[in-house]
Amino acid sequence: MRPLEDLTGRGRGKKIGFDQLACEEARGFCAENADFALRLAERLRPKLADASLERLFDDVEVPLARMLVDLELAGAAVDTSVLGALGRDAESEITRLEREAHRAAGHEFNVNSPRQLETILFDELGLKPLKRTKTSRSTDAETLEALSEAHELPGVVLEIRQISKLKGTYIDALPALVNPKSGRVHTSWDQTVAATGRLSSTDPNLQNIPIRTALGRKIRAAFVAPPGSVLVSADYSQIELRVLAHLSQDPVLLDAFRTGQDIHQRTAMEIFELKTEAVEREHRTRAKAVNFGIIYGQGESGLAKVLGIARAEAASFIAAYFQRYQGVRRFMNETLEHARAGESVRSLLGRRRLVPAIRSGNRAERLAAERIAMNMPIQGSAADILKLAMLALREPVTPGARMILSVHDELVFEVPEGEVAEAKERIKTAMERVMELAVPLVVDAGSGRDWNAAH
DNA sequence: GGGAAAGGCTTG
DNA sequence: GTACGAGCCTTTCCCA
């Protein structure tokens, strides 16, 4: 099929809208798409049936596709004056920091160029490279962090990178994507790219709007509610670990969620053998990393790297975890055996992922496949749940409310000011009841004039 | 000048 | 050589 970009062009400034095409061109493109879709449907429908995927397709994905059209048309309101002010501040801050960087380096250079930075750090200043990329010595954030002990430059570059990343990707880019007629950004949702069943979002990607840093939160605050409305954000609490509790039926995990415990605190108690009051922040931080690692199919080296500890120490954490969470160990082993037998792994709604590399003779490839196999049922089932929640909330929860965004474990709505309390309650209840697991699903809902305030 | 690769960084 | 799933930015390199 002809890519749409062949007709519309691509890239900033040159791309035209579909509505700008000559009618004959648009007609040809649409006809070709419809023809291919029909012919594919005839061939693929029997395969769906063979794989027991017809219910997932007919009852979830197709209705969701119609709903995503509504989301795309609705769009999200962006206050470009907020971004304009942030852009001017960021501009002058970058200019100031660049002068700093040039002075620290001893001459001018392009701070955005990893190549040039590599030469300056490792050849001119004589700093020690920490790791390699495919073709060079790495200058990534982790490296610069470590090098900042030894020299002034790496820290300055880190600051510049942080600001210019946010400026380039969000502050400068978003206003250009605002539709002049609606005054809003209209992302494209894709149901067919993420292998686990998650949605993805492009042009702009609204699933990676910053939140971590102060500047990031200011950018997020540029996503606003229209006058008279507020944004309501509702997100699942620890959905992936709850899914794991359900899939594995692990008694400790089940107990933790049934009794409403802080899951990272509980894991800290289990693997470090501590009483509640003995758990310190550092214990919890490490336990949290272990919990994330479990979801990702962690290895010893991966955990050691994240926590900055010796491999042997990480190994003992993992051993302690599986000692305490034997149901999780059993579930992971069964999932691996299943995949090794040549079967696909599946989410709760039956979505499948094949992992043929699990029988690879290449160790790295095989281990990567094992991580994929262990993670897919967890991430995939969480994606199933969010999709069911979207469908459950297809009709407005209050007369003037409408859904505008979906971000993996979070749904965002525009709600008229007078309907907020009722909308929050209905959204929360609907999301929590969408599927009955062995542990409760818990949803936190917030509201505010902008996305940062609501989250 | 365009496209792809590389390096890097944002998010859940 | 190392954690799962994504998308987008700038620079660099190569080719027509």
Side-chain angles (χ1 to χ4, degrees), chain A residues 5 9-12 14 109-118 131-144 157-158 160-174 177 187-190 192-213 215-216 219-220 235-240 244 289-307 311 314 318 345 347 353 355 362-380 382-383 386 405-410 455:
Chain A
E5 284 81 9
R10 61 198 76 189
R12 209 174 349 173
K14 277 171 296 182
F109 70 105
N110 184 347
V111 182
N112 283 328
S113 165
R115 277 257 178 250
Q116 294 180 32
L117 182 63
E118 179 199 10
K131 56 179 171 181
R132 288 199 53 82
T133 66
K134 245 181 285 182
T135 62
S136 63
R137 294 160 292 185
S138 177
T139 70
D140 69 6
E142 190 191 335
T143 303
L144 296 184
V157 172
L158 276 173
I160 295 172
R161 284 227 183 119
Q162 199 241 323
I163 299 169
S164 60
K165 173 75 182 181
L166 298 185
K167 182 170 186 291
T169 307
Y170 308 100
I171 298 174
D172 295 342
L174 281 172
L177 291 164
T187 190
S188 296
W189 296 100
D190 199 325
T192 61
V193 289
T196 56
R198 278 187 172 183
L199 295 175
S200 84
S201 158
T202 56
D203 302 307
N205 179 0
L206 294 184
Q207 296 186 315
N208 72 347
I209 298 303
I211 192 169
R212 231 182 61 253
T213 63
L215 178 58
I219 292 169
R220 185 163 284 233
D235 67 286
Y236 283 108
S237 161
Q238 304 293 351
I239 189 166
E240 293 192 333
L244 176 61
V290 172
N291 278 334
F292 270 106
I294 291 298
I295 290 168
Y296 298 151
Q298 80 191 335
E300 295 164 7
S301 313
L303 182 64
K305 193 177 166 191
V306 168
L307 285 177
R311 189 194 159 105
I318 294 170
V345 289
S347 71
R353 182 168 186 179
V355 274
N362 178 314
R363 183 182 135 88
E365 245 179 51
R366 196 171 60 244
L367 290 175
E370 290 176 359
R371 292 194 295 269
I372 288 169
M374 288 187 278
N375 172 262
M376 188 278 169
I378 303 172
Q379 186 179 128
L386 195 77
L405 292 175
S406 171
V407 194
H408 309 312
D409 65 357
E410 174 190 12
H455 190 81

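Naming: A, B, ... by sequence-line order, numbering from 1 per chain.
For the P atoms, the distance from B/dA4 to C/dA3 is 27 Å, rounded to whole Å. Only the P atoms considered, B/dG3 is 29 Å distant from C/dG5, to the nearest whole Å. Separating the P atom of C/dT2 from that of B/dG7 is a span of 12 Å, rounded to the nearest Å.
Within 4.0 Å (heavy atoms only), A/Val306 reaches at least one base atom of the nucleic acid. Nucleic acid contact for A/Ser301: base, since at least one base atom lies under 4.0 Å from a heavy atom of the residue. Using a 4.0 Å heavy-atom distance criterion, A/Asn110 is classed as a sugar-phosphate-only contact. Within 4.0 Å (heavy atoms only), A/Ser201 reaches sugar-phosphate atoms of the nucleic acid but no base atom. Counting non-hydrogen atoms under 4.0 angstrom, A/Ala141 reaches the backbone sugars and phosphates but no base. Heavy atoms of A/Ile209 sit under 4.0 angstrom from primed sugar atoms or phosphate atoms, though from no base atom. Using a 4.0 Å heavy-atom distance criterion, A/Ala195 is classed as a sugar-phosphate-only contact. Residue A/Ile211 is classed as a sugar-phosphate contact, given heavy-atom separations below 4.0 Å to backbone atoms only. Nucleic acid contact for A/Ala194: sugar-phosphate only, since backbone atoms but no base atoms lie under 4.0 Å from a heavy atom of the residue. Here A/Leu367 lies out of heavy-atom contact (under 4.0 Å) with every strand. Within the 4.0 angstrom heavy-atom criterion, base atoms lie near A/Lys165. In this structure, A/Arg353 reaches the sugar-phosphate backbone alone: every heavy-atom distance under 4.0 Å involves primed, P, OP1 or OP2 atoms, never a base. When heavy atoms are screened at a 4.0 angstrom cut-off, A/Ala369 is found touching no nucleic acid atom at all. Note on A/Gln116: only backbone sugar-phosphate atoms sit closer than 4.0 angstrom, heavy atoms only; bases stay farther off.
Taking NZ of A/Lys305 as the reference point, atom CZ of A/Arg311 lies at 13.5 Å (rounded to 0.5 Å).
Between the CD atom of A/Glu240 and the C1' atom of C/dA6 there is a distance of 13 Å, given to the nearest Å. Counting to the nearest Å, the C1' atom of B/dC9 and the CD1 atom of A/Ile160 are 15 Å from each other. Rounded to an integer number of Å, the gap from CZ of A/Arg366 to C1' of C/dT2 is 14 Å. Following rounding to the nearest Å, A/Asp203 (CG) and C/dC8 (C1') show an atom-to-atom distance of 9 Å. Note: CZ (A/Phe292) to C1' (B/dT11) measures 12 Å, nearest angstrom. B/dG12 atom P lies 15 Å from atom CG of A/Leu199, rounded to whole Å. Rounded to whole angstrom, the span from the CG atom of A/Leu144 across to the P atom of B/dG7 amounts to 15 Å. The interatomic distance linking A/Asp409 (CG) with C/dG5 (P) rounds to 18 Å, in whole Å.
For C/dT2, there is no paired base (Watson-Crick or G-U wobble, both distances below 3.5 Å).
When the nucleotides C/dG7, C/dT12, C/dG5 are ranked by their closest atom to the side chain of A/Thr202, C/dG7 comes out on top. With distances taken from any side-chain atom of A/His408 to the nucleotides B/dG8, B/dG12, B/dA6, the minimum falls on B/dG12. The A/Ser200 side chain lies nearest to C/dA6 when the options are C/dA6, C/dC8, C/dT12. Of the candidates C/dC4, B/dT10, B/dG8, C/dC4 carries the atom nearest the A/Ile372 side chain, counting heavy atoms from C-beta on. Here the nucleotide nearest the side chain of A/Arg161, chosen from C/dA3, C/dT11, B/dG8, is B/dG8.
In this structure a side-chain-to-backbone donor-acceptor pair under 3.5 Å is missing from A/Gln116 to A/Val111. No side-chain donor-acceptor contact under 3.5 Å links A/Ser301 to the backbone of A/Ala304.
Contact detail for A/Ile372 and A/Arg353: the closest heavy-atom pair is CG2-CZ, 3.3 Å. Among all heavy-atom pairs drawn from A/Glu240 and A/Ile378, the shortest one is O-CG2, 3.5 Å. The two atoms that bring A/Glu300 and A/Ala314 nearest to each other are O-CB, 3.5 Å, heavy atoms only.
Within 3.5 Å, a donor on the side chain of A/Arg198 pairs with an acceptor on the base of B/dG12, or the reverse. Scanning atom types as modelled, one donor and one acceptor separated by under 3.5 angstrom connect the side chain of A/Asn208 and the base of B/dT10.
The stretch residues 132-144 of chain A participates, sequence neighbours left out, in these salt bridge (charged side-chain N to carboxylate O under 4.0 Å, His left out) pairs: A/Glu118-A/Arg137, A/Asp123-A/Arg137, A/Lys131-A/Asp140, A/Lys131-A/Glu142.
Checked against ring-ring contact (aromatic ring centres under 6.0 Å, His included), A/Phe109 has the following partners two or more places apart in sequence or in another chain: A/His102.
Heavy-atom nearest nucleotides on DNA chain C were determined for A/Gln379 and for A/Arg311, and the one closer to the 5' end corresponds to A/Arg311.
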